[in-house]
Amino acid sequence: MTETRLRFPPSPTGYLHIGGARTALYNWLYAKQTGGKLILRIEDTDVGRSTQESIQGIIDGLEWLGIDYDEGPYFQTDFAEDHTNAAQNLLTKGAAYKCFCTKEELDAKREAALAAKKPLGYDRTCRNLSASEIAEKEAAGIPYVLRFKVPERTGTLGYDDKILGRIESNYSEIDDFVIVRSNGKPLYLLCNVVDDIRDRITHIIRGQDHMTNTIKQVLLYEALDAPLPVFGHMPLTLDTKKAKISKRSHGEIVAIQFYRDSGFIPWAFNNFLALLGWSAGNDQEFYSKEELIRDFSLERINKSSAIFNYKKNDPKFFTDPKAIFINEHYLRTMDIGELGEMVRKELEADGLWNDAYGSVQKEWYLQALDLIRGRFHTLKDFTTLGRAYFADDFTIEAKPLNKNVLKHEGLQQWLPKLADRYERLEEFNLEETERVARELAEELAIKPGIIINAMRTVVTGQLAGPSMFDILVTIGQEKVVQRLRGVGKLFV
Ligand code: GLU
């Protein structure tokens with residue numbers, strides 16, 4: 001069997017977005033599953049729109065996701081000679097012809113066809129020019145494009161789409177399309193095929209938006225004497241209103257960078273992307289890398305559009321809730337050591353990392369993460385909601401401050417009193433911290449909840465979290481005492 005060779009050929013005219021990343025992932029999965037290769041090809045022929053920033057964004061995005069490639073990045077512009085040679089070859093063998101029709105002529109014909117309700121395609125005026133007519137026009141310096149000569153056949157032309165099944169078009173519906181512009185530049189449609197032939201691509205898995213190209217490209221493969229690869233056209237990713245997702249209408253959330261910068265776990269995001277348009281036919285939601293490589297199949301990619309469930313202006317929906325849900329799952333269940341590495345990067349970025357967390361305090365560090373990860377959604381939460389574990393300059397949220405502290409004037413005396421007793425404890429453990437807090441509440445004849453909720457607010461800044469006594473022990477005697485004593489500051 002020949003090796004499967006897949007490719008991801010983005011045009012570097014923007015950022016790597018959800019749809020592109022999903023395409024890359026599906027190609028990568030199939031390459032891995034079949035022991036084949038994935039090639040990264042940057043399709044930068046549109047020089048005016050391609051940017052270095054975009055190229056870097058694509059490469060960084062793939063790296064963040066862990067989608068590695070076996071060859072590339074190749075750059076389409078480096079193969080310009082192949083493209084012109086292929087065009088020349090088609091011309092020489094009579095599969096293409098020079099067309100001297102001017103834009104004005106074409107426009108006029110189009111108008112006339114519209115008025116007469118006739119087909120709008122090119123009327124093939126130049127298809128059968130004689131050698132002398134061609135020579136004459138060339139001598140007169142009339143510019144020309146190269147058009148592909150669609151074979152004169154009746155019936156249909158098609159291919160077996162791995163996802164959609166048999167796709168066919170009538171020969172009569174296919175226009176003699178342009179393959180080289182009048183400035184001598186081959187069209188993308190041709191470059192794409194020439195590159196895929198040279199790169200020996202066996203499977204082309206891409207979006208349905210390329211299907212109008214595919215039918216023409218099938219003809220190019222034939223004319224270039226190359227075997228037809230397997231095609232699979234994936235449904236597009238739409239929003240809940242069935243509109244194509246785009247940066248213009250949806251903002252940053254369509255860019256992969258957004259997920260990296262928002263503290264998503266790379267594999268969790270791949271897991272989300274995998275399910276955005278594919279399912280094994282059961283309701284499994286979490287896949288390890290190995291499972292996904294094993295279970296993925298092109299045939300089970302959905303035929304209908306994938307829906308990216310994003311509701312603007314709802315903070316709970318800062319992106320598709322399913323992406324958040326899957327991220328939470330990984331955050332809460334992944335190997336703690338691995339999580340430790342990821343959180344380390346966040347802490348470092350915020351200047352909160354302490355080298356001891358990697359050595360003498362490693363056990364403490366990992367236990368602290370394990371304690372707090374249960375309520376977190378992204379890696380960012382460790383430095384925001386969880387800041388009190390790593391720094392003293394954390395924010396006390398307004399809601400718990402008002403509800404749990406400022407409402408009870410007495411706390412200005414009660415918490416410092418508790419601090420004194422905590423300071424004297426020889427064993428600062430779960431039992432002792434709880435016993436002392438309850439004893440104090442009893443002496444003061446107040447509900448223990450008042451002390452406990454106030455403590456949570458003053459010690460962590462948060463309204464909710466893990467068990468209070470676990471928190472105290474984790475944050476440690478010295479800091480707890482200091483924070484409880486400082487309660488008075490909050491009342492001014
Ligand atoms: N460069 C094309 C794009 O970014 C990819 C075309 C293809 O997959 O053949 O849409």
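Atoms within each ligand, like the ligands themselves, are counted from 1 in listed order. We're numbering straight along the sequence, starting at 1.
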Subject >> Salt bridge present between Glu133 and Lys137 (N-O < 4.0 angstrom) >> reply: no
Subject >> atom 2 (C) of ligand 1: nearest protein contact (heavy atom, Å) >> reply: Tyr188 OH, 3.1 Å
Original post:
Regarding Thr319 and Tyr259, is there a side-chain donor-to-acceptor distance under 3.5 Å anywhere?
Top reply: yes
Original post:
Taking all atoms of both residues into account, what is the closest heavy-atom pair of Arg375 and Ala464, and its distance?
Top reply: NH1-CB, 3.5 Å
Subject >> Phe8 to ligand 1, any heavy atom closer than 4.0 Å >> reply: no
Subject >> Structural part of Pro9 in contact with ligand 1, heavy atom criterion under 4.0 angstrom >> reply: both
**OP:** Before accepting this row, confirm whether a basic side-chain N of the pair Glu105/Lys103 lies closer than 4.0 Å to the acidic partner's carboxylate O.
**Re:** no
Original post:
Relative to the ring of Phe269, is the ring of Phe264 parallel (under 30°), tilted (30 to 60°) or perpendicular (over 60°)?
Top reply: perpendicular
Subject >> Protein contact of atom 7 (C) of ligand 1 - nearest heavy atom, named by residue and atom, plus distance >> reply: Arg7 NH2, 3.4 Å
**OP:** Using a 4.0 Å heavy-atom cut-off, say whether Asp209 meets ligand 1 through its side chain, its backbone, both or neither.
**Re:** neither
Original post:
Please state which protein non-hydrogen atom is closest to atom 10 (O) of ligand 1 and give its distance, to 0.1 Å?
Top reply: His210 NE2, 3.0 Å
**OP:** Give a yes or no on whether a salt bridge exists between Lys380 and Glu346, defined as a side-chain N under 4.0 angstrom from a carboxylate O.
**Re:** yes
**OP:** Please report which non-hydrogen protein atom sits nearest to atom 3 (C) of ligand 1, along with the residue it belongs to and the distance in Å to one decimal place.
**Re:** Ser11 OG, 3.6 Å
